[in-house]
Amino acid sequence: MEAIRSIAIPPLTPDLERVLIDADTIQRRVTELANQINNDYANITEPLILVGVLKGSFIYLADLCRKLTVPHVVDFIAVSSYGKGSETTGNVRLLMDTRENMENHHVLIVEDILDTGYTLDYLVRNFIARGTKSVNTTVLLEKPDRHKVHVDLKYVGFTIPDVWVVGFGLDYGEQYRTLPYIAEMKIPKKK
Ligand code: XMP
Ligand code: MG
């Protein structure tokens with residue numbers, strides 16, 4: 001895993017503190033993760049189902065799946081883990097289900113970031129209950145200081161400190177998702 005580099009960014013985006021992970025570093029890491037996945041699933045007999053967790057994973061998923069050489073299909077799921085307040089409750093709600101029937105398939109859940117772990121914990125349990133052959137997880141980012149429940153993470157891009165990050169799919173109030181790098185927001189790190 002590469003060290004996180006800190007780069008000063010020009011003042012055209014005053015809400016951003018600094019770039020945590022630049023675009024080239026992300027691409028190199030995504031390639032490494034895709035290579036691991038290609039190795040690990042080299043012998044599967046039916047397509048791997050990639051399930052992107054909307055919305056934050058869409059850019060990571062798009063880059064990852066284009067580097068896969070193993071047979072795969074792309075699907076999405078939408079969940080919400082935030083009750084009425086601003087803090088994570090652990091109450092995960094299914095907003096939109098997958099289209100694929102996952103029974104007897106290998107599934108890889110693709111997430112942008114693991115924070116408390118509630119979302120992925122819910123999804124892993126839910127998918128296992130559907131009679132899948134296997135359920136694994138990949139996250140671009142994880143914040144170890146924030147974990148509340150243990151989740152087995154199979155492919156992790158980068159470990160980051162407990163700060164609010166945006167870019168490469170991640171947002172603050174739906175802004176900044178399409179930045180090609182991961183940046184730290186200046187504003188409070190709450191949800
Ligand atoms: P849990 O706590 O269930 O939540 O692991 C994971 C979800 O929380 C969101 N999240 C973030 N989104 N910048 C974001 O844009 C962040 O720093 C951040 N931390 C957590 C995200 O939606 C993730 O899927
Ligand atoms: Mg998310």
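Just follow the structure's listing: the first ligand is 1, and inside any ligand the first atom is 1.
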* Structure fact -> Under 4.0 Å from one or more heavy atoms of K143, ligand 1 contributes atoms 16 (C), 17 (O), 18 (C), 19 (N)
* Regarding Y181 and T25, is there a side-chain donor-to-acceptor distance under 3.5 Å anywhere? -> no
* V165 heavy atoms, cut-off 4.0 Å: which ligand 1 atoms fall inside? -> 13 (N), 14 (C), 15 (O), 16 (C), 17 (O)
* Using a strict cut-off of less than 4.0 Å between a Lys/Arg side-chain nitrogen and an Asp/Glu carboxylate oxygen, indicate whether R130 and D97 qualify as a salt bridge. => yes
* Do any heavy atoms of V53 fall under 4.0 Å from ligand 1? -> no
* Asked: Heavy-atom contact under 4.0 Å between V166 and ligand 1?
  -> no
* Option nearest atom 24 (O) of ligand 1 (shortest heavy-atom distance, choices E111, Q175, R146) -> E111
* Asked: Counting from 1, what ligand 1 atoms have a heavy atom of L170 closer than 4.0 Å?
  -> 12 (N), 13 (N), 14 (C), 15 (O)
* Do the rings of Y172 and W164 sit parallel, tilted or perpendicular, given the 30° and 60° boundaries? -> perpendicular
* Test: E103 and K133 ion pair at under 4.0 Å -> no
* Cluster check F58, M96: I/L/V/M/F/W/Y, side chain < 4.5 angstrom -> yes
* Side chain, backbone, both or neither: which part of L120 comes within less than 4.0 Å of ligand 1 when only heavy atoms are counted? -> neither
* Under 3.5 Å between some N or O of ligand 1 and some N or O of G117? -> yes
* Can you find an N or O of L114 that's nearer than 3.5 Å to an N or O of ligand 1? -> no
* NZ/NE/NH1/NH2 to OD/OE distance under 4.0 Å, R99 and D75 -> no
* All side chain to side chain contact (heavy atoms under 4.5 Å, CB included) counterparts of H72, not counting sequence neighbours -> L48, L50, C65, L68, V74
* Can we say R146 and D115 salt-bridge, meaning some charged N sits less than 4.0 Å from an Asp/Glu carboxylate O? -> yes
* Mark up the atoms of ligand 1 that fall under 4.0 Å of a heavy atom belonging to D171, in ascending order. => 14 (C), 15 (O)
* Asked: Which ligand 1 atoms are under 4.0 Å away from a heavy-atom of V163?
  -> 17 (O)
